[in-house]
Amino acid sequence: GFTGTCRRNINRAERRGVTLEVVDPYTHVPAFYSILKESYANSRIPLVDISHFYSVFREMEIERIRMVFAKLDNQVIAASCFLTDAERVY
């Protein structure tokens, strides 16, 4: 299960109207990368080029990739991508 803090944050986001949308990773790479660029700029960690994501997604089966956008007032406020195999989520 989730920790108390995590559960409170989830409940708070739900009350504020944040929704989650699973999107097609192939067509949403630019929006996903834009969110990553903002996050990486704040942390001052280098970010690989967008072409890296296209290469990885081309090589993987679509069923093994889950891209999720968090939205508030129909605007993307966060993004996450999960890669899976038969036993794990990475």
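As the structure is a prediction and not an experimental result, all values here were calculated from the model.
In terms of the side-chain hydrogen bond (donor to acceptor under 3.5 Å, both in side chains) criterion, E14 has no residue partners (sequence neighbours excluded).
Judged purely by distance below 3.5 Å, without hydrogens or angles, the side chains of N11 and R8 never pair a donor atom with an acceptor atom.
V89 and V22 end up in the same hydrophobic cluster when Ile, Leu, Val, Met, Phe, Trp and Tyr side chains are linked at under 4.5 Å.
Taken from CD1 in I77 to CD1 in I35, the straight-line distance is 8.5 Å, to the nearest 0.5 Å. Atom OG of S80 and atom CG of L20 lie 10.0 Å apart (nearest 0.5 Å). Taking OG1 of T5 as the reference point, atom CD1 of I10 lies at 11.0 Å (rounded to 0.5 Å).
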Could you pull out every donor-acceptor pair under 3.5 Å between side chains of residues 51-71 and any protein atom, sequence neighbours left out?
unit_1 : atom_1 : unit_2 : atom_2 : d
S51    : OG     : D49    : OD2    : 2.8
S55    : OG     : S51    : O      : 3.1
S55    : OG     : R58    : NH2    : 3.4
R66    : NH1    : E63    : O      : 3.4
K71    : NZ     : E21    : OE1    : 2.5

Legend entry - Worked check of side chain to side chain contact (heavy atoms under 4.5 Å, CB included) between F32 and V76: CA-CA 9 Å; F32 177 73; V76 177; over 6 Å; no
Inset, instruction - Take D85 and Y90 through the test side chain to side chain contact (heavy atoms under 4.5 Å, CB included) and record every step on the way to the result. - result: CA-CA 8 Å; D85 63 20; Y90 299 95; 2.7 Å; yes
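Taking a 6.0 Å sphere around OH of Y26, one finds it holds more than 12 heavy atoms contributed by other residues, nucleotides or ligands.
The minimum heavy-atom distance between R16 and L72, with the atom names listed, is O-CD1, 3.3 Å.
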